[in-house]
Trainee: 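Below is one structure. I have some questions about it.
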Amino acid sequence: MKLILFGPPGSGKGTQASLLSNKIKIPHLSTGDILRSKLNDNDKLAQELSKIMSSGNLVPDSILNPIVTEKLLGDDCKKGFILDGYPRNRSQSDFLIDFLERNKIILDLVIDFAADTNTVRDRIIERSKIENRSDDNLEVIKTRLEKYFAETQPLAALYRDKFEGKFFEIDAMQEISKIQSDIENRLKNA
Ligand code: ADP
């Protein structure tokens, strides 16, 4: 099962991706998690990433694209993956579509998590009390949401067209268990 998840920060993509990953035993590739794990390396790249991520800006494609493709070509992704947080802008999207085509990787489902700005902002503020992420403060949350609505959300229309019949919008304002069952029902028919 090969899936891409779209949705604003705080829409619950990560939560659902990890529930699904445990259930159907395919890797959850969260670019945010992968990049955060690199912050522990204490090298030059970690310093650069830390500056970009704590401001809520996007990490350059030149850094992220090779990381994503290396993961997608890994053995553990052969039978499937859940891609969460990528693509996030038009150039990543063009790159990914070309990469999938060249490597004959066929997506099964694209899920778009729909949630309104106020709800996701409140959720991120709540999460910040638990997770202590340097980018979960009001100013940076504003930047991340602006970036999402300006650069990422418009991609959903493109994927809706390109992956007709495989694109599925989910109401991400529902309870976690309801979203989970909606996704599982959709997967049964994928
Ligand atoms: P969010 O909750 O804002 O969606 P993520 O955990 O997905 O957070 O990502 C955290 C940060 O990692 C982003 O603000 C950005 O700096 C960086 N990042 C994650 N995915 C991408 C991407 N596809 N392109 C560029 N930067 C990314």
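One-based numbering, in listed order, for ligands and for the atoms of each. For this chain, numbers begin at 1 and follow the sequence in order.
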Trainee: State, yes or no, whether a side-chain contact exists between Arg88 and Thr31 at a heavy-atom distance under 4.5 Å.
Mentor: yes

Trainee: With a 4.0 Å cut-off on heavy atoms, is Arg127 touching ligand 1?
Mentor: yes

Trainee: With heavy atoms of Gly85 as the reference, note each atom of ligand 1 found under 4.0 Å away.
Mentor: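 Counting atoms of ligand 1 from 1, those under 4.0 Å from Gly85 are 20 (N), 21 (C), 22 (C), 23 (N).
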
Trainee: Quick check: closest heavy atoms across Leu73 and Asn103, and the distance to 0.1 Å?
Mentor: CD2-OD1, 3.8 Å

Trainee: Please report whether the ring centroid of Phe6 lies less than 6.0 Å from that of Phe113.
Mentor: no

Trainee: Find all atoms of ligand 1 within a distance of less than 4.0 Å from any non-hydrogen atom belonging to Leu35, and give their numbers and elements.
Mentor: 12 (O), 17 (C), 18 (N), 19 (C), 27 (C)

Trainee: So which heavy atom in the protein is nearest atom 26 (N) of ligand 1, and how far is it from that ligand atom?
Mentor: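 Ranking protein heavy atoms by distance from atom 26 (N) of ligand 1, first comes Val59 N, 2.9 Å.
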
Trainee: Around atom 8 (O) of ligand 1, find the nearest protein heavy atom and jot down its residue, atom name and distance.
Mentor: Arg133 NH2, 3.2 Å

Trainee: Can you find a side-chain donor-acceptor pair between Asp94 and Ser91 that sits under 3.5 Å?
Mentor: no

Trainee: Is there a donor in the side chain of Ser30 and an acceptor in the side chain of Tyr86, or the other way round, less than 3.5 Å apart?
Mentor: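 Not at all, the side chains of Ser30 and Tyr86 share no donor-acceptor pair under 3.5 Å.
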
Trainee: Could you tell me whether Asp108 and Lys166 make a salt bridge, using a distance below 4.0 angstrom between a side-chain N and a carboxylate O?
Mentor: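 No, Asp108 and Lys166 are not salt-bridged.
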
Trainee: Heavy-atom contacts with Leu58 under 4.0 Å: which atoms of ligand 1 show up? List them by number with element.
Mentor: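 Numbered from 1, ligand 1 contributes 25 (C), 26 (N).
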
Trainee: Above 12 or not: heavy atoms from other molecules or residues under 6.0 Å from CD1 of Ile130?
Mentor: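 Atom CD1 in Ile130 is packed in, count exceeds 12.
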
Trainee: Between ligand 1 and Arg36, can you find any atom pair, the residue atom being a heavy atom, that is separated by under 4.0 Å?
Mentor: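 Contact check Arg36 vs ligand 1: positive.
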
Trainee: Closer than 4.0 Å to some heavy atom of Asn57 - which atoms of ligand 1 meet that?
Mentor: 15 (C), 16 (O)

Trainee: Strictly by modelled atom types, are Gln174 and Asp182 linked by a side-chain donor-acceptor pair under 3.5 Å?
Mentor: yes

Trainee: If you count the atoms of ligand 1 from 1 in the order shown, which ones are under 4.0 Å from a heavy atom of Gln92?
Mentor: 22 (C), 23 (N), 24 (N), 25 (C)

Trainee: If you measure from each non-hydrogen atom of Arg144 to ligand 1, which part falls under 4.0 Å: side chain, backbone, both or neither?
Mentor: side chain

Trainee: What protein heavy atom lies closest to atom 4 (O) of ligand 1? Include the residue and the distance to one decimal.
Mentor: Arg88 NH2, 2.7 Å

Trainee: Near Leu64, which atoms of ligand 1 are under 4.0 Å from a heavy atom of that residue?
Mentor: 21 (C), 22 (C), 23 (N), 24 (N), 25 (C)

Trainee: Among all protein heavy atoms, pick out the one at the shortest distance from atom 20 (N) of ligand 1; state its residue, atom name and that distance to 0.1 Å.
Mentor: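 Scanning the protein heavy atoms, the shortest distance from atom 20 (N) of ligand 1 goes to Thr31 OG1, 2.7 Å.
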
Trainee: Taking 4.0 angstrom as the limit, do Arg144 and Asp136 come out as a salt bridge?
Mentor: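 Judged by the 4.0 Å cut-off on N to carboxylate O distance, Arg144 and Asp136 do form a salt bridge.
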
Trainee: Tell me the protein heavy atom at minimum distance from atom 12 (O) of ligand 1, and give that distance in Å.
Mentor: Met53 CE, 3.5 Å

